Amino acid sequence: MPSHPRLLSLDAFAKTVEDARVKTASGGMITMICVLIVLLLIRNEYYEYTSVVIRPELVVDRDINKQLDINMDITFPEIPCGVLTLDILDLTGDLHLDVVQSGFEMFRILELGEQVKDDLPIMALSSNFDELCKGLSEEERNNGAPCGSCYGALEQSESQYCCNTCESVRLAYAAKQWGFFDGSEISQCEDEGYVAKMVERINNNEGCRIKGSAKINRISGNLHFAPGAPFSSRGRHLHDLSLWGKYAEKFSMKHKIDHFSFGEDPGSSAALAYSDIDQVPSIHPLDGFTFDVGRKNHVALYYLSVVATRVEFLENKRDPVDTNQFSVITHDRPIQGGRDDDHRNTMHAQGGVPGVFFHFDISPMRIITREEYAKTWSGFILGIVSSIAGVLTVGAALDRSVWAAEQVLRGKKDA
Amino acid sequence: MLGRWTRSNLHEEYTIKHLIKLFPERGVSFCNVFFRRIVFELMIRSHASVLAHAKFIQFITALVDLFHKPTSGIFTMNAFSQKVRVFDAFPKVNPEHMVRSQRGGLSTILTVLFMLMILYVQIGGYLGGYIDRRFSVDKDIRLSLNINVDMVVAMPCQYLVTNVMDITSDNYLAGEVLNFQGTGFYIPEIFRLNSNNEAHDTPELDEILSETLRAEYSVKGARVNEDAPACHIFGTIPVNQVKGEFYIISKGLAMYDGLVVSPAAYNFSHAIYEFSYGEFFPFINNPLDFTAKTTEETQQQYKYFAKVVPTQYEKLGLIVDTNQYSLTEIHHVTDESDLRPAGIYFSYSFESIKLYIIEQRIGFFVFVAKLATILSGLLIAGGYLFRLYEKLLVLLFGRKYVERDTEKKDGGLLDKTTNHHSKDF
């Protein structure tokens, strides 16, 4: 570089002249060890660079009018399908069902564990009442259209209401708070074969599995399984327990939850990336939960606190998933109330409807979990450079001391 | 280890045969136990197919070659060092070629002192760790949690009723597990009297951990001295972990108690020694601890609303699973229009998001690497700074002045090196 002699003074990498250099065996050994350590460190850096971490963030949920998905798969081994109804109530406690979409399927569990899809409706929708028990119009009455008897449960003097199906009689009875039992001696039900079906199921000790999902408005409320048709009385939500009570020896509230979640599962691929078990989101903590108190008149309560969650994937490889996490508090009590068997100091409330209740409460917070690489690209480079520099400098210092010691020893030997 | 050893026994035998053949002809004594260990370790780690492979033999041969000189016939240290020397990446300069100076010594001392300081700070930082704050929705399915109470109410025990009611509409007969001890009403000096809970510090992790002495009340449901002027109520109530309320009211109002207390005898002045949720850690400070309220009114109603946040503290494997709470107080004198009678009410509800406050340490190896980087960086920076300073001195005072403190070498060594430099470029 003769043309730029000025740069000479700036050389930060001034070299020692070859003649003045001393190479030693100990230096060679130290170099080799240093190189090994550097390789090890680079490997560590690389692992860190490629590993994925979760950075959760807490924000206030600002979405308006969002809907809440409920997915579930619950098995009642000792209650036949048709005995239980499923209600979803909201905060007001009325039978105000805001089920936007619901797709529930029921499977009868036969004696040998065989599962057969059932055709009876599970959802008790109050909005169906007016439609199911619709009266005849002027024209229809003149034409002599049939109008089934409601057996005194509804006003029928001018055919305001007609009960043409077994379901409509059942609802009419519920509205009047009459016991419907299994529908025997009601001709609509006998004709439809409803009675025979129910009796057969109960006598065969069938079980029932309910699987499906519903979309409801995102407000606190509850979802419950309880026997018989529902009705409201003095502001309380009650059920027709006549059939439940008729078979004193049958039915129990045992159940197994195979799945319960509020929204989509972000999938196992995401879960694999969670290095820390604390960070795995609580999307379906109830899965696999078994309630095995084999009592008949018992209430199982689940208090669920729902927190909206958004899962964002690594480098946006997949679209972010909006779902919900929830925490669970369980409680159960016998209907007759009184002191708890195990905890004598608890005085249980008396009354209510036997069943399984899921009370859910919506949290105002939203968690955003973001998958990220533990290190950025520049951080990775920086890490490599600094580990090389650090190790080599320490090596150089070590080598120099070893050499100095060697020289001292040699000097002594010579002397 | 043993399993691995036996599994590869066959290959071992095979390889040893090969090696025994190999080593004598290369002139290496096979007795070197250390060397043998290395070879065995390599053998065991390698797979059977690889073992049999010629490449492996080649590798061993190369290794053997590295450690001895074939011509000499004896494995000597000299030969070894000759080979290794080539790798030396830290070329040293003979001391005859170096000059030392007073200023250089001084700056070395300064640098070393600074390095020691950094070392001290870094080790302190490593031992102290760093605090990681996380949160997550609680995955555990929970049933109940404890409320720990220790308070004095200025009414005789026999007039008081305690109860817990929650949204499951169950009653918890707290009076059966709490202890009631007749005493005098007295508020110690350190109590915050009738003050709103302002400026309550959130305790730090170390503070929490130094106070994690777990305790339990040994008695349950004891009733002593029930007619004394004040009542010391203490104990643990296991409640459902749902929204609820623990209250202390006068007898004759909530249920049939067989005793009706005249409202004129009411006095709900109280001093709270401990009020916490979860496991009982008496020394952890809670917002309600050591607070007191006094009143002249007989119909005073005290309401405390607590929002309870599950919190887990972790340090060095020690886990403290507890609950913090934030508090709102409403106190007023009741009249006929009030739905609830005079008394002390503690309402509580739970947050679904659990907080984790964890002290963590970086790995030891990572720490050493980090330390090495910092210290070497310091050394290099120190070196350049020194050189810069020297250059500056030369500029300001001339070369003569700078070379005054330098070690004298015979033979004008400096001139020689400068000559070399100019040749080099």
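Everything numeric here is computed off the predicted structure, so don't read it as measured data. Each chain gets a letter, A, B and so on, in the order its sequence line appears, and its residues count up from 1.
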Which of residues 383-396 of chain A have a heavy atom under 4.5 Å from any heavy atom of chain B? A:S386, A:A389, A:G390, A:L392, A:T393, A:V394, A:G395, A:A396

About how many Å separate CD of A:Q325 and OG of B:S136, when rounded to the nearest 0.5 Å? 7.5 Å

Identify, with sequence neighbours excluded, every residue that meets side-chain hydrogen bond (donor to acceptor under 3.5 Å, both in side chains) alongside A:S26. A:T24

Any chance CZ of A:F380 has more than 12 other-residue heavy atoms, nucleotides or ligands included, within less than 6.0 Å? yes

Options A:H359, A:R333, A:H348, ranked by heavy-atom pairs under 4.5 Å with chain B, top entry: A:H348

At a heavy-atom separation under 4.5 Å, does A:I30 approach chain B through its side chain, its backbone, both, or neither? both

For B:I353, is it the side chain, the backbone, both, or neither that has a heavy atom closer than 4.5 Å to a heavy atom of chain A? side chain

Proximity breakdown for A:D332 and chain B, heavy-atom pairs closer than 4.5 Å: neither

Residues forming a side-chain hydrogen bond (donor to acceptor under 3.5 Å, both in side chains) with B:Y130, sequence neighbours excluded: B:Q360

Is it the side chain or the backbone of B:N240 that comes within 4.5 Å of chain A heavy atoms, both, or neither? side chain

Can you tell which of A:S327, A:A404, A:S363, A:A397 has the highest number of heavy-atom pairs within less than 4.5 Å of chain B? A:S327

Closest heavy-atom contact between B:K139 and A:S282? CG-CB, 3.3 Å

Cut-off 4.5 Å, heavy atoms of chain B, and the answer for A:L40 is side chain

Side chain from CB out, backbone as N, CA, C, O: work out which of these in A:E57 comes under 4.5 Å of a heavy atom of chain B, or both, or neither. backbone

Quick one: what part of A:F289 sits under 4.5 Å from any heavy atom of chain B, side chain, backbone, both or neither? side chain

Give, as side chain, backbone, both or neither, the part of B:I167 having an atom under 4.5 angstrom from any heavy atom of chain A. both

Relative to chain B, which segment of A:L41 carries a heavy atom at a distance below 4.5 Å: side chain, backbone, both, or neither? side chain

Please report the closest heavy-atom contact between A:I329 and B:Q241, naming both atoms and the distance. CG1-O, 3.4 Å

Of all residues at least two apart in sequence or in a different chain, which pass the salt bridge (Lys or Arg N to Asp or Glu O under 4.0 Å) check with B:R361? none

Most heavy-atom pairs under 4.5 angstrom with chain B, which of A:I37, A:L301, A:L58? A:L58

Can you name the closest pair of heavy atoms from B:I141 and A:P285 and give their distance? CD1-O, 3.6 Å

